[in-house]
Amino acid sequence: MECNKEEAVRAKAIAEKKMQCRDFIGARKMVLKAQQLFPDLENVSQMLTVCQVHCSAEIKVIGSEDWYGILQVEPTADESLIKKQYRKLALLLHPDKNKFAGAEAAFKLVGEAHRTLSDKSKRSVYDLKRSAGVKTVVFSTQARQQGKASDTRGQPAAPSSYPNHGSSFTNVNRLRRPTSSKRRLHLEPDSGGPPAANAGCIWISDILERYVLPVE
């Protein structure tokens with residue numbers, strides 16, 4: 001148990017340094033580690049509250065702060081729950097009691113969130129903008145996904161190797177005939193060869209009709 005406490009103290013010291021550098025995401029990880037190692041470590045809850053408020057403030061909704069995330073309540077929270085949560089956070093973040101780096105700024109953010117969400121008209125306007133912003137993001141994401149899918153369907157497949165006579169093959173309909181199928185492949189007669197080797201010529205069109213299916 002003493003070993004865990006020592007490790008928790010070290011993690012807490014690292015978290016304090018990160019908070020002074022405004023690395024609240026990294027500080028929160030170290031605070032959670034310290035809390036897991038030794039839950040009764042002094043002032044851990046104050047540090048964690050500061051980090052959580054600042055991490056929530058990094059998330060922007062419609063170009064503004066996520067007041068629900070900063071106050072750590074759901075968008076469906078009623079007025080009494082918002083008031084109760086504000087009092088809880090304000091007590092932990094008050095500059096007279098919380099001397100950690102970022103506590104004063106977090107206290108101001110929580111106060112602004114409470115002023116916005118406790119005022120019915122301000123909250124109504126904020127909710128409308130927030131809802132519209134979320135729908136726009138979802139629509140844009142779906143449009144991009146559909147566009148990628150259509151681009152993938154429109155790309156031609158790689159042609160298969162030319163089939164051997166009598167073998168089964170796929171994608172043969174993608175092979176096209178040349179523009180002129182009447183060109184002849186002349187065989188030069190071999191001097192002194194047998195008569196069969198000197199016979200006329202072979203039509204390329206006959207070869208195509210034998211091995212390649214016509215394109216519909």
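Just so you know, residue 1 is the first one in the sequence shown, and it goes up from there. For the numbers below, each heavy atom of this structure counts, side chains included, while hydrogens, waters and symmetry mates do not.
- In terms of the salt bridge (charged side-chain N to carboxylate O under 4.0 Å, His left out) criterion, residue partners of Glu112 (sequence neighbours excluded) are, by chain and number, Arg115.
- Judged by distance alone, the side chain of Asn98 and the main-chain N or O of Leu92 form a donor-acceptor pair under 3.5 Å.
- Legend: residues meeting salt bridge (charged side-chain N to carboxylate O under 4.0 Å, His left out) with Asp127, ordered by chain and number and at least two apart, are Arg123.
- Between Lys108 atom NZ and Leu93 atom CG the span is 13.0 Å, to the nearest 0.5 Å.
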*Between Glu74 and Tyr68, does a side-chain contact (heavy atoms from CB on, under 4.5 Å) hold up when you go through it step by step?*
CA-CA 6 Å; Glu74 295 293 331; Tyr68 291 107; over 6 Å; no
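- Side chain of Lys99 to main chain of Pro95: a donor-acceptor pair is present (N/O by atom type, distance under 3.5 Å, no hydrogens or angles).
- Looking at Leu91 and Lys97, their side chains come closer than 4.5 Å, going by heavy atoms from C-beta outward.
- Residues Lys84 and Lys88 fail the side-chain proximity criterion, which asks for heavy atoms closer than 4.5 Å.
- The closest side-chain heavy-atom distance from Asp66 to Arg130 is below 4.5 Å.
- Inter-residue side-chain proximity for Phe24 and Lys18 is flagged as unmet; no heavy-atom pair is nearer than 4.5 Å.
- Contact annotation: the side chain of Gln46 never approaches that of Thr49 to less than 4.5 Å [non-hydrogen atoms, C-beta and beyond].
- With His54 contributing its side chain and Gly102 its backbone, the two residues share a donor-acceptor pair below 3.5 Å.
- Residues Leu41 and Gln35 have side chains not in contact (no heavy-atom distance under 4.5 Å, counting atoms from C-beta outward).
- The shortest side-chain heavy-atom distance between Phe100 and Asn43 falls under the 4.5 Å cut-off.
- Within the 3.5 Å criterion, the main-chain N or O of Glu42 finds a donor-acceptor partner in the side chain of Lys12.
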